[in-house]
Each structure stands twice: as structure tokens, then as C-alpha cells.
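Read the structure below first, then the notes.
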Amino acid sequence: MPLWPVYTGAPAPHDGITRLPPPPPWRAFDGGPVLDPPDADGDPAAASPDRAHRAATYQATEDTVQLVNAALYLRRPLLVTGPPGTGKSSLAYAVARELRLGPVLRWNITSRSTLGDGLYTYDPLSRLYAARHTPQPPGAAADAPAAATGVEDHLRLGPLGTALLPYARPRALLIDEIDKSDLDLPNDLLHVLEEGQYEIPELVRASRDTPGGHAQVLVDGADQRVPVERGRVRCHAFPFVVLTSNGEREFPPAFLRRCVSLRLRQPDDDHLAEIVRAHLGEPDGYARQLIHRFLSRVGSGELATDQLLNAIYLARSSGLGADSLDELAERLMPYLGRSAQPDAF
């Protein structure tokens with residue numbers, strides 16, 4: 001069986017990730033101790049019906065399949081840009097489902113997001129409170145530290161920090177709407193994504209007084225604890241990282257050259273029919289009319305595919321007459337923006 005492609009866009013999950021060839025020498029990582037991949041249902045939020053449906057019904061284009069595989073082979077982040085509603089976020093869930101990468105780790109970016117938010121959170125005030133109010137165990141020395149006052153008891157890894165743990169197979173990480181971030185965040189991500197490792201200063205300091213320097217730290221999205229040695233985390237299998245952008249800003253050249261770039265365009269007639277078929281079954285005559293109407297309007301402003309799906313669903317289930325359906329479709333498919341769409345077919 002040929003190695004390429006590992007990701008195929010097929011609806012059935014498989015273990016093709018095990019056929020991934022060794023990374024380029026400059027992208028090889030040796031973090032440890034190696035952790036078993038998490039159970040696919042380990043994070044209830046990641047396994048929600050909405051996300052599971054989007055993953056199972058995603059319709060990947062040939063270009064998408066090629067560039068996803070390029071990112072997997074090269075162990076590089078995938079920067080996905082395109083208009084709203086073209087499936088940028090859903091792609092991460094589709095790849096994770098097909099390749100059995102476990103629950104998707106999701107980091108929603110805002111203008112206030114920092115690199116530290118993605119790596120881990122630490123609450124020193126809760127640690128101080130615990131130290132003052134947690135009673136000593138029987139027989140403990142008067143100067144012994146109270147139980148549950150260690151740094152690791154008040155620290156949790158974030159989505160990015162969890163993705164870079166030394167898992168045996170890649171984790172899937174979605175960094176959603178990176179274009180909303182502060183100007184410095186893409187540059188701050190460069191070092192971590194290039195090196196595949198980071199330090200937790202609080203644990204580095206605490207390890208000096210801990211035999212062996214080991215700490216058991218909570219991961220993102222679950223109550224599981226994993227070992228961290230001397231406050232340093234280094235990946236073993238580089239995660240499958242999807243960064244999404246609506247194209248609202250430009251990124252530094254140094255950031256772009258470290259990513260595989262995929263631009264999603266508005267789907268054409270045949271692709272829209274495939275999307276409708278995957279979500280709602282075979283499109284009938286009226287659904288075909290709505291698809292043509294959607295495509296005729298998409299060049300004049302921003303429209304999202306889920307607006308079309310909403311209109312087709314109601315047309316099938318509402319029992320309204322043709323005139324009422326047309327009026328309802330117009331209301332369900334308003335322009336999201338008035339700028340022209342250069343990527344529309």
C-alpha cells in the first residue's frame with residue numbers, strides 16, 4: 001500500500017497514521033516518557049454531537065487532502081484561511097476522526113490571548129489558600145508542607161501545552177481564528193512550534209526541591225494527570241496543528257514559512273451538492289434551486305454554507321408553500337458582509 005496519502009478524506013476511521021514515514025531530520029523529536037494516545041471519548045466537549053457530526057460529514061477537496069498530508073509528513077502546522085462557513089475549523093475534527101488522533105484540543109483566540117494561555121495556567125492564590133487552610137496529616141513534622149500545596153496541584157496544561165506532550169501518536173490541536181490575536185502572538189508561537197518544547201518555570205523551580213524532579217500535571221480537557229520531568233515538556237510525535245484565519249490580517253513571513261498554507265474557497269455547484277448530501281441526504285429539486293441561488297449571490301457578499309443548509313432543512317421540514325419558502329430562504333441567507341468574494345467560483 002502506498003504511503004501517500006495518510007489522510008484520504010474517507011468517512012471511515014483508520015490507523016493510517018501508523019504508516020506515516022519518519023520526519024525530516026530537522027523535525028525529529030525525542031520527548032519522553034512516551035504517553036499512550038488518549039481515548040477518543042476522553043473529552044466530553046470534544047465528543048459533542050455537533051463536533052462529531054461535522055467531523056463525519058466533512059467533504060474534503062483534493063487540494064485539502066494534499067496539503068493536510070504535506071503538513072503531516074513535514075510535521076508543520078497547517079494554516080487554513082478562507083471565508084466564513086467554508087469548514088476551516090471542521091477540518092481539524094475530520095482529520096482527528098479519520099486518523100484516530102483522539103479528542104481535538106481547541107484554543108479559541110481573542111485579542112487578549114497570550115502564548116502562556118495556550119501552554120498552561122497556574123493559580124498561585126489557590127496554592128496560598130491551600131497552604132494556610134489545609135491541615136497537616138497525622139504525625140507530620142511541624143514544618144512539613146501541607147498536603148495538596150505543591151505547584152502541580154494548582155497548575156493545568158492548556159491546549160497547546162497538552163498537544164506538545166510526548167504522545168506516541170500526534171494529537172490534533174485547533175488554534176481557531178489566529179487572525180484575531182495580538183500582533184505578537186504569531187511570533188511568540190514560532191519558537192514553541194519550531195522547537196516542539198517549552199518550560200514551565202514554576203515546575204522548574206519546584207523540581208530543585210523534589211526528589212527526581214517529577215510532577216504529575218493535569219492536562220487540558222480531562223482530569224488525567226501526566227508526568228512532567230523537571231518542568232520541561234518536549235513532544236515525541238509533533239501534533240497536527242490547524243491554525244484558522246478569516247484572512248483579516250497578514251502574518252509575518254517568518255511565521256508563514258514555518259506553516260503549510262491552505263486556502264479554502266467557496267464550494268462550487270458539485271461540491272455544494274456533496275455537502276448537502278452528506279448532511280441532509282440527496283438534494284431534491286428545490287434544494288438544487290437553493291444551491292443555484294446561493295451560488296448566484298455569493299459573489300456579491302459573504303455567505304456561509306451553513307446558511308444554505310439551514311434553508312434546505314427548513315424547506316424539507318416546515319411544510320410551507322413555495323412562496324413562503326422563497327421568502328424564508330431570503331431571510332436565512334442574508335449577506336454576512338458586503339465585501340466582494342474573490343474566492344467564489
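Heavy-atom basis, side chains included; hydrogens, waters and symmetry copies ignored. FYI, the numbering just counts along the sequence from 1.
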* Asked: What do you reckon, is CD of E282 surrounded by more than 12 foreign heavy atoms closer than 6.0 Å?
  -> yes
Q. Would you call E199-R234 a salt bridge at under 4.0 Å N-O?
A. no
**Asked** Does the pair E330/R293 count as a salt bridge with the N-to-O cut at 4.0 Å?
**Response** yes
Any side-chain heavy atom of [X] sitting closer than 4.5 Å to one from [Y]?
X    : Y    : answer
L218 : Q224 : no
I200 : Y122 : no
L290 : L325 : no

Taking all non-hydrogen atoms of both residues, which atom of [X] and which atom of [Y] are closest, and how far apart?
X    : Y    : answer
R97  : A12  : NH1-N, 4.5 Å
I291 : V276 : CD1-CG2, 4.1 Å
A168 : A237 : O-CB, 4.0 Å

Q.
Can you see whether E98 engages Y58 through a side-chain donor-acceptor pair at a distance of less than 3.5 angstrom?
A. no
**Message:** When you measure from the centre of the six-membered ring of Y198, is the NZ or CZ of R232 closer than 6.0 Å and no more than 45° off the axis?
**Reply:** no
State whether Y93 and R51 meet the cation-pi test: NZ (Lys) or CZ (Arg) under 6.0 Å from the six-membered ring centroid, and within 45° of the perpendicular axis. no
Contacts of D15 meeting salt bridge (charged side-chain N to carboxylate O under 4.0 Å, His left out) (sequence neighbours excluded), chain-then-number -> R100, R169
